[in-house]
Amino acid sequence: MMTDPTSPTGTGADISRVTGISDDRTHGTFELDLAGHEAWRRAEVFAALGDSWDPVAVMQDEAEAQRLLYSGLDADQQATYAMLVAAGVLPAAGQG
């Protein structure tokens with residue numbers, strides 16, 4: 001068994017096990033559970049973002065940046081943009 005030393009509870013929870021061991025004990029299935037570590041990682045990300053992080057404002061700023069990126073295109077650039085949107089490479093305006 002492996003334990004997770006970064007467990008938020010400090011208990012070192014079991015994160016692995018070997019199952020389905022063959023009769024000759026040469027083969028088995030190794031399972032690794034990262035759910036606890038993932039929960040800890042996400043909590044650390046949100047802690048690092050802090051209380052001032054505003055996901056709605058971030059998305060609005062991203063939409064504005066996308067609008068600005070594709071504004072003011074000349075005819076050839078607009079044609080290329082339209083071709084990429086039609087091919088599904090880029091999202092249509094307002095859908096990014």
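The first residue of the sequence shown is numbered 1, and numbering continues consecutively from there.
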### Side-chain heavy-atom pair L49, F46 within 4.5 angstrom cut-off
yes
### Message
Between the side chains of R41 and E38, is the shortest nitrogen-to-carboxylate-oxygen separation below 4.0 Å, so that they form an ion pair?
### Response
yes
### Task
Would you confirm whether S22, through its side chain, and H27, through its main-chain N or O, come within 3.5 Å as a donor-acceptor pair?
yes
### Query
Hey, what do you get for CE (M83) to OG1 (T80), rounding to the nearest 0.5 Å?
5.0 Å
### Query
Mind checking whether Y81 and L68 sit in one hydrophobic cluster, side chains of I, L, V, M, F, W, Y counted as touching below 4.5 Å?
no
### Query
Taking everything shown except D23 itself, do over 12 heavy atoms lie less than 6.0 Å from its CG?
no
### Query
Do W53 and V45 belong to the same hydrophobic cluster, where Ile, Leu, Val, Met, Phe, Trp and Tyr are linked whenever their side-chain heavy atoms lie under 4.5 Å apart, directly or via other members?
yes
### Message
Heavy-atom count check: over 12 atoms from other residues, nucleotides or ligands less than 6.0 Å from D51 CG?
### Response
no
#### Entry: Nearest atoms (heavy-atom pairs only) where D76 meets D74
N-OD1, 3.1 Å
### Query
Heavy atoms, side chains only, cut-off 4.5 Å: are Q66 and Y70 in contact?
yes
